Student: 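The structure's right below; bear with me while I get my questions together.
All residue numbers in this chain count up from 1 along the given sequence. Keep in mind it's a predicted model, so treat the numbers as computed, not measured.
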Amino acid sequence: MANEIEKVAESYADQLSVAEQLIEQNNEDISLEMQYANLSKEELVAAAKELMHSPDVKKAYLQLQALRNVFEDLLAQERPGLIRQWVEDGKDPRDFVAPADELKMALNEVIAAFKKRRDEERKRAEEEKQHNLNQKRLILDKIKALVESEENDHSLDVLREYMRQWREIRHIPKEFHDELYTSYKFYIDKFYNQLSVFNELKELDKDKNLELKIDLIKRAEQLKDEPNIRKALLQLNKYHEDWKNTGPVRSEISDDIWKRFKAASDIVIDAKKAQQTQIDGERQKNLDKKVVLIEKAETSIAVLPTQPKEWTKIAKDLDGLMAEWKKIGPVPTEKNEETWTRFKAIRNQFYGERKHFFKDLNTSKKDNLSRKIELCEKAEALKDSNEFMKTSDALQKLQDEWKTVGPVPEEQNELVWKRFRAAFDHFYARKNEWFKQRKTEESGAIQKKKEVILGLEALKANETIDHQVLFQELKAWQKQWNDAGFVSGKTYQQINKTYQSLADEIFNRFRSVSNSQRTTMQKDHFSQLAQSGDGQKRLQMEERKIKEKIAKYNDEIVTMENNKSFFKHSKNAEGFTKQFDDNIAKAKEMIAKAQQELKVLKSVSS
């Protein structure tokens, strides 16, 4: 049985990981704050009191947290008005102290009482787990005593009763789970291994275990049709726990029955994975819809109204968006809080501004006008800038700041907005014209560069040109290429690749001719030495000098290789090793030239 249980645990490990991930993705993650978004402070306190007696402590605590967040948002909306009133009463704003809020104190009392209840629930749960642990240890002692006692015709029934009691006890402290279960498996396996006298009873018991496992397989197979992913996978996990707690079956069918159970589990998990994929797609669509609502809300409050009826209209629009928001299903879990926070922030901003507006309709309008005029002046200072990318970012920041400024006097609202937009329109018209002009200039540059390519192709085709003339004309075409002007994008990459290929080919041809000419000059020099009176002696001296030169370069290479290995693990190793590699390459090039020179010398002296 031990081997079978180990096989269950190992084979189901990957499935369990996938199942747990899917269970986690299907938590009830719809924003609770949204449920309370339209409640007043009085209504929030009343809702908190109702939660005090909720049977689901964990869910109720999450609801209280959300409820408190909404309450704090309302307090934040009230704070600017309280500060203004404080200043109007002749007090220093730096000394502001928010007045006591009786509703906040009432809410805090409810939350404190609930936390006490939650702590008591946790304590009871821990005590229950400890009690369960003690009960399981007692059962384990009984199973151990049964295993070590002399078996009789009632032993198997007694063990079954102990196993039933064991299964009924569920939760124990997590840190004791593996230890306790390992001992349980050991004694159960030992009992069945020793149960030989009553072999017929043992086989009958295995048949009963087979019936239980077949029933678990059937139940597992039915889970593929369960629409609730979380419910299906939690139940599947329970079936696997029941499977492990069920005794062994006949050895000849043990593998087959496990494979059937595993296959049923695979089907369920694959079905739920496919279902989750579909849900993820739907949630992504929901996210897209909610982003659209957020953008609509942002647009609605981009320019704050200056008339009461306009505030009322926007409030109605936002309420309509909230109604649409509630109709849309959940979004991906990782985006849920971020999305709701964005939408809530827009609503909080609007309703806070509206409260201030109706409380003190004309306060700060002149200050707002001054701020917007200042933004206009900043935008006008930037409108003739030629740093188009940098200035675009700066203007965007001005526009974002504009959105945060409150209303101005009605007679100035449209005028200051038109002035602000005029600076933007002027700049972006210049920007568009500049890019249009640059595109035109690039077209001319492309044509000039194509002419250079034609010239290089003709130069390449000229086989009779002197190599020095070839080099000078190559330099001239290169200069013309550089002077042709700026080209960007894929067009530049394509034409530049053709240019580089032609230029490299022509230069390699020049270098090849130069090397050949140098060899001819060396041969003439050594021939003249050979024809002198002591020609052989002088050739030998030249040979010795060349060999000494080769030996010198080889020594330098060995030294540089050693130094390179020394710096290999230093902080700036990459820079040092590159420098050494470049010098080694140059030394090898000098050795190759010297060897060629030696080869020419030997051809003359032989």
Student: Side-chain contact test, heavy atoms from C-beta onward, threshold under 4.5 Å: evaluate it for Leu44 versus Leu107 and give yes or no.
Tutor: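 Side-chain contact under 4.5 Å: no.
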Student: I need the Leu318 CG to Ile301 CD1 distance, nearest 0.5 Å.
Tutor: 7.0 Å
Student: Begin with the C-alpha distance, continue with both residues' side-chain angles, and end with the deciding distance and a verdict on side-chain contact (heavy atoms from CB on, under 4.5 Å) for Trp325 and Ile294.
Tutor: CA-CA 9 Å; Trp325 184 282; Ile294 290 172; 3.8 Å; yes
Student: Is there a side-chain contact between Arg283 and Leu287 in this structure, where contact means two heavy atoms from C-beta onward sitting under 4.5 Å apart?
Tutor: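 No, their side chains stay 4.5 Å or more apart.
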Student: CD/Glu121 to CG/Asp119 distance, rounded to the nearest 0.5 angstrom?
Tutor: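 So the CD of Glu121 and the CG of Asp119 are separated by 10.0 Å.
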Student: Would you check, one step at a time, whether the test salt bridge (Lys or Arg N to Asp or Glu O under 4.0 Å) holds for Glu338 with Lys335?
Tutor: CA-CA 5 Å; Glu338 174 189 339; Lys335 292 290 185 181; 3.7 Å; yes
Student: Could you walk me through whether His426 and Asp384 satisfy the side-chain contact (heavy atoms from CB on, under 4.5 Å) test, starting with their C-alpha distance in whole Å, then the side-chain angles of each, then the deciding distance to 0.1 Å, before giving a yes or no?
Tutor: CA-CA 8 Å; His426 178 81; Asp384 291 316; 2.7 Å; yes
Student: For Gln284 and Asp280, which I'm curious about, is there any donor-acceptor pair between the side chains at under 3.5 Å?
Tutor: no
Student: Specify whether Trp402 and Trp417 have parallel, tilted or perpendicular ring planes, treating 30° as the upper limit for parallel and 60° as the lower limit for perpendicular.
Tutor: tilted
Student: Taking the side chain as every heavy atom from C-beta outward, state whether Trp340 and Val331 have any atom pair closer than 4.5 Å.
Tutor: no
Student: State whether the number of non-hydrogen atoms from other residues, nucleotides or ligands found under 6.0 Å of Glu334 atom CD is greater than 12.
Tutor: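 Atom CD in Glu334 is packed in, count exceeds 12.
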Student: Any carboxylate oxygen within less than 4.0 angstrom of a Lys/Arg side-chain nitrogen, looking at Glu298 and Arg342?
Tutor: yes
Student: May I ask you to test the Phe424-Leu395 pair for a side-chain heavy-atom distance under 4.5 Å?
Tutor: yes
Student: What distance separates Lys586 NZ from Glu589 CD, expressed to the nearest 0.5 Å?
Tutor: 9.0 Å
Student: Please examine the side chains of Val45 and Phe71, heavy atoms only from C-beta on, and report whether any two atoms are closer than 4.5 Å.
Tutor: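 Answer yes - side chains close enough.
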Student: Determine the interplanar angle of the Tyr61 and Phe114 rings, folded into 0 to 90°, and report it as parallel if under 30°, tilted if 30 to 60°, perpendicular if over 60°.
Tutor: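 Plane angle under 30°, so parallel.
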Student: Does Arg68 form a side-chain contact (heavy atoms from CB on, under 4.5 Å) with Leu64? I'd like the steps, not just the answer.
Tutor: CA-CA 6 Å; Arg68 182 171 63 178; Leu64 273 177; over 6 Å; no
Student: Between CG of Leu304 and OG1 of Thr404, what distance do you get to the nearest 0.5 Å?
Tutor: 9.0 Å
Student: Taking NZ, NE, NH1 and NH2 as the nitrogens, is one of them in Asp317 or Lys313 under 4.0 Å from a carboxylate oxygen of the other?
Tutor: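 Salt bridge between Asp317 and Lys313, a charged N being under 4.0 Å from a carboxylate O: yes.
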Student: Do any pairs count as a side chain to side chain donor-acceptor pair (under 3.5 Å) and have a residue in residues 98-113, sequence neighbours left out, and if so which ones?
Tutor: Lys41-Asp101
Student: Kindly indicate, with the supporting measurements, whether the criterion side-chain contact (heavy atoms from CB on, under 4.5 Å) is fulfilled by Gln63 and Lys59.
Tutor: CA-CA 6 Å; Gln63 289 174 307; Lys59 183 176 180 180; 4.2 Å; yes
Student: So do the side chains of Lys316 and Thr312 get within less than 4.5 Å of each other, counting heavy atoms only?
Tutor: no
Student: Assign the ring pair Phe350 / Trp311 to parallel, tilted or perpendicular, where the plane angle (0 to 90°) is split at 30° and 60°.
Tutor: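 Plane angle between 30° and 60°, so tilted.
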Student: Got Arg421 and Gln399 here, is their nearest side-chain heavy-atom distance under 4.5 Å?
Tutor: yes
Student: Has Gln396 got more than 12 heavy atoms of other residues, nucleotides or ligands less than 6.0 Å from its CD?
Tutor: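 Yes - once you tally the heavy atoms of other residues, nucleotides and ligands closer than 6.0 Å, there are more than 12.
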Student: Is a side-chain donor or acceptor of Asn286 paired with a backbone partner of Pro330 at a separation under 3.5 angstrom?
Tutor: yes
Student: Mark yes or no for whether Arg430, through its side chain, and Ser385, through its backbone, hold a donor-acceptor pair below 3.5 Å.
Tutor: yes
Student: Heavy atoms, side chains only, cut-off 4.5 Å: are Ile111 and Leu67 in contact?
Tutor: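 Sidechains of Leu67 and Ile111: no contact.
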Student: Scan residues 369-381 for pairs that pass side chain to side chain donor-acceptor pair (under 3.5 Å), counting only residues two or more places apart or in two chains.
Tutor: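 For residues 369-381, and leaving out neighbouring residues, the side chain to side chain donor-acceptor pair (under 3.5 Å) pairs sorted by first residue read Glu380-Arg419.
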Student: Ser501 side chain to Lys497 main-chain N or O, any donor-acceptor pair under 3.5 Å?
Tutor: no
Student: Measuring from Phe420:CZ to Leu415:CG, what's the distance to the nearest 0.5 Å?
Tutor: 15.5 Å
